[in-house]
Every structure is written in structure tokens, then in C-alpha cells.
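Note that this is a predicted model, so its numbers are computed, not measured. So you know, we letter chains A, B, ... as the sequences are listed, proteins then strands, and number each from 1.
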Amino acid sequence: MEILDQIKGAVVNGIQSLFDKTINENQIIHNETRKEFEGDLTIVVFPFVKLVGKSPIELGDQLGAYIQKEVDAVSSFNVVKGFLNLSFTESHWISEFKSMLANDQYGFGEAKEEKVMVEFSSPNTNKPLHLGHIRNNLLGWSTAALLEAAGHEVFRVQVINDRGIHICKSMVAWQRFGNGETPASSGLKGDHLVGKYYVLYSDEEKAQKAILVAEGKDKEEPEILSAARALLIKWEENDPEIRNLWKEMNGWVYAGFDASYKRLGISFDKNYYESETYLLGKELVEEGLKNDKFYKKEDGSVWIDLEDAKLDHKLVLRSDGTSVYMTQDLGTAHERYKDFGTKRMIYVVGDEQNYHFKALFEILKRLDAPFAAGLYHLSYGMVNLPTGRMKSREGTVVDADDLMEEVVKAAKVESEIRQEIEGLPEENKLSIWEKVGIGSLKYFLLRVQPQKSMVFNPEESVSLNGQTGAFIQYAYVRTKGIERKMKEIPNFENYEGLDPKELALLSMLNKFPMVIQNAAAKYDPAEMATYMYDLAKTYNKFYYDVKILKAPNQEALAFRFALNKFTGEIIERGMKILGIDMPERM
RNA sequence: GGUCCCGUAGCUCAGUUGGAUAGAGCAACAGACUUCUAAUCUGUAGGUCCCAGGUUCGAAUCCUGGCGGGAUCACCA
């Protein structure tokens with residue numbers, strides 16, 4: 001990006017020496033030149049028209065001539081309306097390319113001191129993961145990877161909601177209807193097994209409720225719900241039998257989660273269990289009471305007044321002294337700061353909790369938490385189906401394991417039609433289908449900006465044409481195919497006669513470091529996803545138009561080979577940030 | 001009702017701090033495999049950028065007011 005600084009400098013100097021007016025570099029608006037015009041970089045001259053008292057065309061012409069004279073890398077210019085389009089010399093592009101090649105960390109930012117924590121996933125232990133968790137997981141994972149690529153040290157953590165009434169419901173149903181079923185005895189994946197009893201619980205509760213209503217006793221609580229509450233109390237009293245059952249069933253769930261996470265390529269540096277943290281935060285409330293940050297109502301409940309922050313009064317301790325979600329979150333935030341010393345913490349949580357996090361961050365600020373300024377809620381929208389919302393009651397929730405199975409199957413079907421990898425050993429084929437299927441699922445979810453709710457169309461998600469993960473993988477596979485065909489690697493020294501398709505690809509590759517920085521700053525993996533697609537598309541055009549292996553001379557062959565290989569490396573590097581693996585063939 | 005988010009092609013989505021004639025994919029139609037893998041490429045068609053004002057050389061983008069959709073406003077998590 002040196003050249004950009006040179007050009008900006010030339011614009012400032014040009015306006016000074018041509019018109020005797022002073023401007024600041026950051027007033028200069030520049031853009032990549034649009035495809036339909038000739039040039040590589042465009043300077044918008046409108047902002048200076050009034051200042052220098054010339055027409056936009058006149059100003060553009062004079063400034064263009066000045067820049068061309070001053071900056072060696074600028075070969076020519078043209079002016080359209082108020083837009084000054086500058087073209088760079090071929091040798092500039094070639095030397096740019098050489099410096100990209102020379103840096104084996106190309107794209108990654110310099111190491112930054114600030115450590116960052118990303119919290120994501122945070123499942124309940126009463127049912128298996130579903131599509132919504134997948135979006136959460138992918139966002140969290142790739143945001144963390146983006147921050148790493150930008151130069152930060154990053155810690156990935158999850159909070160597991162392993163206690164509470166929800167797990168007691170599964171437990172009570174298992175006690176009644178389970179007949180001792182275990183994952184080992186029935187072969188059912190642990191999280192699905194526990195989820196099954198949660199469903200059984202709900203059915204039973206509904207049935208009991210219906211009877212009560214029919215008997216005119218609709219105010220009464222269903223017996224099974226009372227039983228679940230009783231379990232929760234026993235759990236809190238540390239009843240050994242209940243604690244053991246709880247441990248056992250949670251253990252099944254964790255084994256199930258681990259399998260899902262593994263297939264999804266997700267892991268964590270540390271897990272926080274709610275059963276261990278749900279009492280944290282009480283001391284903070286006590287302390288805050290002393291400092292008048294909180295106030296106590298007559299019934300003994302503790303609140304904070306956030307009205308001047310355009311929020312409400314918020315409860316932080318119940319009248320019986322037990323904590324609420326907010327209390328735990330206050331405590332957990334401090335705990336994590338103690339564990340990792342991260343002043344920047346990102347919470348990847350759905351947008352239905354926007355209000356909660358606003359309040360949480362505001363309270364931490366008022367409690368003078370040293371990390372308060374670095375808190376961020378990466379809020380994302382719901383995943384809907386073409387038929388509308390996913391509803392567990394109507395059984396329309398898309399199960400994570402089923403979905404992964406389905407997309408991999410679809411990849412297999414497509415692959416077998418094409419017969420490109422038929423001869424490979426079964427093990428290799430399985431690995432390729434896995435990469436293509438899971439990769440496409442990931443791409444499908446990551447290409448949409450986090451804050452937008454999205455429509456998940458199952459048919460489209462398994463389609464492998466167009467703007468998909470498979471499209472990008474295919475471009476990568478092409479780069480590998482070329483590499484395999486090359487018996488000896490030609491040495492790239494110099495090249496003249498840059499083809500427009502080659503230049504377009506170079507220019508695309510040149511943007512990679514910027515994309516990492518921008519996407520990381522915005523916590524937006526979708527920006528990387530879009531860029532990766534554009535890069536693959538640009539490569540495909542190059543591949544189609546410029547025959548790499550049939551280059552007219554050794555110099556061209558060496559250049560194209562290097563360009564091909566480097567493109568493959570960048571695709572792999574960028575997709576890795578999205579958590580998507582590249583197959584060598586497909 | 002208060003607060004927050006979203007509204008761009010039939011559908012799914014891009015669109016940098018305001019910049020040129022608003023772009024991709026899918027679906028539709030028409031082409032390109034004797035070629036480095038056609039999971040690709042090329043072309044045609046498709047738009048009241050929700051509406052109305054305002055700011056300015058210039059607005060999908062910023063401001064105000066509407067309309068439509070969603071979320072949230074629990075001693076739930």
C-alpha cells in the first residue's frame with residue numbers, strides 16, 4: 001500500500017504547488033477504479049473543486065499530470081467527470097507480486113499486544129445442538145480466527161448451562177420412563193438421548209395439564225413439573241443420588257456435543273460450567289450495595305437504576321437472596337478476566353439478548369470493571385426456514401447432526417455424478433465429501449452478515465453451484481491440478497505483457513491483508529466470505545482465459561505458475577479463517 | 001406503548017469513511033467441453049434500493065417523519 005501513500009502525498013503537493021492551496025491527506029477520497037473505466041485507482045476530485053476554483057475536468061487533468069510526473073508507478077491517467085483514474089505500470093504490479101510472494105505470512109497482521117476473548121456456543125445440556133447453534137459456532141469460531149489473523153492472541157471459551165430446571169426435567173423423565181437406558185445400551189448419541197427425555201417430559205407435562213384443565217383445575221401445577229422442581233432443590237442441597245444422576249446424564253451430553261463439535265471443527269480453550277459459576281457475582285452485588293451503585297427494595301431484592309442510560313431498573317438479586325442470570329454474568333466476566341487477563345471480550349449471542357447485554361455492560365462500567373471498555377456483544381439474527389421460524393413444539397427444529405449428515409450425503413451424490421475421484425481409496429473419498437459438504441454448509445451460513453436474520457433453505461444449502469463453498473473449493477482444486485501437472489517448478493524472475501485477467505487476479509490478491517483487517521475490526525466473517533468468492537471467481541476467469549500450462553514462453557509460464565500457486569495458498573489461508581478445509585481434488 | 005435491529009431483482013444475498021450507468025448467485029432463456037477437472041465460463045432478461053421530506057456538487061448509504069417485518073421490555077435463561 002506504499003503506492004497509495006505516495007499518491008496521496010502527490011495529491012497534497014500537487015494542489016499546493018499548482019493552486020497554492022493546502023489540503024489534508026485524509027480529505028482525499030480514493031476508490032478502486034470501476035471495471036468499466038480504465039485505471040487501477042480513482043481519486044475523487046469533487047471535494048477540491050470549490051477550493052481551487054477550477055472545473056472538475058480541469059482540476060483532474062492538471063492533478064493527473066502532476067501525479068504521473070511525480071509517482072513513477074503511475075503510468076497514465078484519464079478524467080471522467082470528477083473522477084481521476086490512475087493506471088499503474090506493469091512493473092509496479094510485478095514488484096507488488098514479488099513482495100507478496102516473499103512474505104510467507106502474507107495477509108496476517110503484525111502481532112498486537114491486546115489479547116481477546118471470544119465466547120460462543122453456550123449450549124443447554126438438555127438437548128442436542130441445532131441449526132441456530134451452528135450459526136453461533138461458526139460465527140464465534142471464525143471471528144476468533146479473524147482476530148488471530150489480524151494479530152491478536154485469542155481465547156475461545158464457552159459457557160455451558162449445565163444446571164437448572166431444564167436439565168431436571170430431562171432427569172425426571174429419564175427416572176420415570178428410561179428403564180435405565182444409556183447411550184451404550186441403546187446406541188443413541190448421548191445428547192440426543194437426553195433430548196429424547198426432555199421431549200418425553202414436555203409431552204407428559206402437556207398431558208397432565210390437559211387433564212387438569214378438563215377437571216377445571218387449570219390453576220394447579222402439573223405433578224411432573226413439581227417433581228422437576230423438587231429435583232432442582234435436591235440438586236442445590238447436594239443430594240448425592242441426584243448429583244450422580246445429573247453428572248451421568250450431563251456426561252452423556254458432553255460426549256455427544258464433543259462429537260458434533262469435532263465434526264464441525266470447533267474447539268475451546270476453556271469451558272465455564274454454570275454449576276460452578278452460578279454463585280459468582282454475589283460479592284460484587286454486596287460491594288456495589290455498599291457503594292450505592294445498587295439499591296435494596298423492602299422485600300430484600302436488589303436492583304440497579306439504569307434509566308439515565310436509557311435502560312430500565314434491573315434486578316441483580318432476588319428477594320430470597322439467590323442470583324439471576326445477570327448476577328452470574330457479572331461474576332463470570334470478572335472470573336474470566338482473572339483467568340486470561342483479556343480486556344476485550346466478545347460475546348457471540350443471539351439478538352434476542354441485545355437488551356440484556358446492554359444492561360450487563362452498563363453495570364460493569366458502573367462497577368468500574370477494568371475491562372468494561374472492551375466488552376462487545378456480537379449479536380446475530382435468527383435462522384429461519386422458508387416456512388418460517390423453527391419451533392421445537394412443531395418439530396421444525398433442524399438438528400445439527402442430521403444437517404451435517406445431509407450436506408455430506410449431497411456432496412457424495414454430486415461427486416459420484418462427476419466421477420473425478422472415482423479411483424481414489426474409499427478413505428480419501430470420504431474425507432473429500434466431508435470437506436465439500438461441511439464446507440458448503442459453513443459457507444452458506446457465514447456469507448450472511450451476522451446481524452441479519454437469514455433464511456435457511458435446505459435445498460439451497462446442499463446445492464454446490466454458484467456462490468457456495470464448493471465453488472471456492474473447486475477453484476482451489478484447479479490450482480492444485482495445475483501444480484500436479486508441472487514436473488519441475490519454473491523460477492519466476494520477471495514478466496512483461498500482463499494480461500487483463502492476470503492483472504485482475506493480482507489486484508484481487510493485493511486486497512487480502514486489508515480484508516482481514518477490515519473484517520476483524522467489524523467482527524464480520526461475511527466480509528471474508530464475500531471476498532473469497534470474488535477471489536475464486538476472478539481466478540476462474542483467469543483459468544479459463546489464460547492457459548497456464550500453454551504459456552508462450554518460459555517467463556510467462558513461470559509467472560502464471562507462481563500466480564496460480566499463490567492464489568491457491570491465499571484461498572486456503574482465507575478459507576481456514578472461515579473454518580473451511582480445502583480438498584486437493586474433488 | 002417504549003427501546004433496538006432489519007427492509008436492495010421473482011428468491012437468497014453483496015454494495016467500504018456519502019461518489020461514476022446499484023452488483024453477484026439461484027431460478028428462466030441462449031451459447032461454450034477433441035482443451036490445465038464444465039462443481040466452470042460467456043451472453044440475454046430481470047430494479048419505485050419500502051414511502052415522503054431534508055442535508056449537498058453528489059444519497060441505497062447521513063438526518064427527520066411515516067409504513068412493513070422481527071426482537072425485547074420477567075424475582076426466565
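The separation of G1(B) from C49(B), taken at their P atoms, amounts to 29 Å, rounded to a whole angstrom. Rounded to whole Å, the P atom of C6(B) lies 12 Å from the corresponding atom of G15(B). The separation of U40(B) from C36(B), taken at their C1' atoms, amounts to 13 Å, rounded to a whole angstrom. Nucleotides U42(B) and C5(B) have their P atoms positioned 39 Å apart, rounded to a whole Å. With C1' as the reference atom, C76(B) and G69(B) are 26 Å apart, rounded to whole Å. Using atom P as the reference point in both C33(B) and A38(B), the two lie 12 Å apart (nearest Å). Here, C41(B) and G25(B) have their C1' atoms 15 Å apart, quoted to the whole Å. Spacing of C1' atoms, U8(B) relative to U61(B), comes out at 12 Å, to the nearest Å.
The side chain of N354(A) lies closest to C4(B), out of A71(B), U12(B), C4(B). Comparing atom distances between the T530(A) side chain and each of A77(B), G19(B), A14(B) picks out A14(B) as nearest. Comparing C6(B), C73(B), A38(B) against the side chain of Y543(A) picks out A38(B) as the nearest. Here U35(B) is the nucleotide among A24(B), C41(B), U35(B) with the atom lying nearest to any side-chain atom of K547(A). Comparing U37(B), A39(B), A20(B) against the side chain of R484(A) picks out U37(B) as the nearest. Side-chain atoms of K50(A) lie closest to C57(B) of the nucleotides C73(B), C57(B), U40(B). In this structure, of G23(B), G19(B), C4(B), it is G19(B) that holds the atom nearest to the side chain of N31(A). Among U21(B), A77(B), A39(B), the nucleotide with an atom closest to any side-chain atom of E36(A) is U21(B). Of the listed nucleotides (G70(B), A77(B), C6(B)), A77(B) has the atom at the smallest distance from the side chain of H356(A). Comparing A24(B), A77(B), U37(B) against the side chain of E420(A) picks out U37(B) as the nearest.
Salt-bridge formation is detected for the pair K501(A)/D545(A): a Lys NZ or Arg NE/NH1/NH2 atom is positioned less than 4.0 Å from an Asp or Glu carboxylate oxygen.
For the pair N465(A) and U40(B), the criterion of a side-chain N or O lying under 4.0 Å from OP1 or OP2 is met. For the pair R318(A) and C76(B), the criterion of a side-chain N or O lying under 4.0 Å from OP1 or OP2 is met. Residue K485(A) places at least one side-chain N or O closer than 4.0 Å to OP1 or OP2 of U37(B). Between R34(A) and G23(B), a side-chain N or O to OP1/OP2 separation shorter than 4.0 Å is present. Regarding contacts with the backbone of U21(B), a side-chain N or O of K81(A) is found under 4.0 angstrom from either OP1 or OP2. For A38(B), one of the phosphate oxygens OP1 or OP2 lies less than 4.0 angstrom from a side-chain nitrogen or oxygen of R478(A). When the side-chain nitrogen and oxygen atoms of Y474(A) are compared with OP1 and OP2 of A39(B), one or more of them lie within a distance under 4.0 Å. A sub-4.0 Å separation between OP1 or OP2 of C13(B) and a side-chain N or O of R447(A) is absent. Distances shorter than 4.0 Å separate none of the side-chain N or O atoms of K310(A) from OP1 or OP2 on C4(B). OP1 and OP2 of U40(B) both lie 4.0 Å or more from every side-chain N or O belonging to R418(A).
Side chains of N354(A) and S379(A): a donor on one and an acceptor on the other come within 3.5 Å. The closest side-chain donor-acceptor pair between E221(A) and S226(A) falls under 3.5 angstrom.
In this structure, K541(A) reaches the sugar-phosphate backbone alone: every heavy-atom distance under 4.0 Å involves primed, P, OP1 or OP2 atoms, never a base. Using a 4.0 Å heavy-atom distance criterion, M454(A) is classed as a sugar-phosphate-only contact. Among the heavy atoms of the strands lying under 4.0 Å from V546(A) is at least one base atom, whether or not backbone atoms are also near. The residue Y533(A) sits close only to the backbone: its heavy atoms come under 4.0 Å of sugar-phosphate atoms, none of a base.
Taking the six-membered ring for Trp, F444(A) and F456(A) have ring centres closer than 6.0 Å. Ring centroid separation for the pair Y376(A) and Y347(A) does not come in under the 6.0 Å cut-off. The distance between the ring centers of H356(A) and Y325(A) falls below 6.0 angstrom. For F561(A) and F492(A), the ring centers sit 6.0 Å or farther from each other.
Ring stacking holds between F46(A) and G19(B), with the centres under 5.5 Å apart and the planes within 30 degrees of each other.
At a threshold of 4.5 Å between non-hydrogen side-chain atoms, the residues Y272(A) and I160(A) do not count as touching. Using a 4.5 Å heavy-atom cutoff, the side chains of E502(A) and F559(A) are in contact.
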Expected list for residues 36-51 of chain A: side-chain donor-acceptor pairs under 3.5 angstrom, two or more places apart:
unit_1 : atom_1 : unit_2 : atom_2 : d
E36(A) : OE2    : R34(A) : NH1    : 3.0
D40(A) : OD2    : F88(A) : N      : 2.7
T42(A) : OG1    : T33(A) : OG1    : 2.7
T42(A) : OG1    : N85(A) : OD1    : 2.6

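Atom OH of Y544(A) is separated from atom P of U35(B) by 13 Å (rounded to the nearest Å). Rounded to a whole Å, the OH atom of Y355(A) is 15 Å from the C1' atom of C76(B). The distance from atom CD of Q451(A) to atom P of G7(B) is 8 Å, rounded to the nearest whole Å. Rounded to a whole Å, the CZ atom of F37(A) is 7 Å from the C1' atom of U21(B). Separating the CD atom of Q449(A) from the C1' atom of G15(B) is a distance of 9 Å, rounded to the nearest angstrom. Between K169(A) atom NZ and C76(B) atom P there is a gap of 13 Å when expressed in whole angstrom units. A straight line from CD1 of I482(A) to C1' of U40(B) spans 13 Å, rounded to a whole angstrom.
For the segment residues 516-529 of chain A, no residue has any heavy atom less than 4.0 angstrom from an atom of RNA chain B.
You won't find any donor-acceptor pair under 3.5 Å spanning the side chain of T468(A) and the base of A39(B), going by distance alone.
Across all strands shown, the partner of G65(B) is C51(B), judged by Watson-Crick or G-U wobble contacts whose two distances both fall under 3.5 Å. With a cut-off of 3.5 Å on both pairing distances, the Watson-Crick or G-U wobble partner of A30(B) is U42(B). In a base pair of the Watson-Crick type (N1 to N3 plus N6-O4 or O6-N4) or a G-U wobble (N1-O2 and O6-N3), with each distance short of 3.5 Å, C13(B) is matched with G23(B). In this structure, A71(B) forms a base pair with U3(B), meeting either the Watson-Crick or the G-U wobble geometry with both donor-acceptor distances under 3.5 Å.
Both the sub-6.0 Å distance and the 45° axial angle are not jointly satisfied by R163(A) relative to the ring of Y273(A). Note that K314(A) lies outside the cation-pi zone of W303(A), set by a 6.0 Å cut-off to the ring centre and a 45° limit from the axis.
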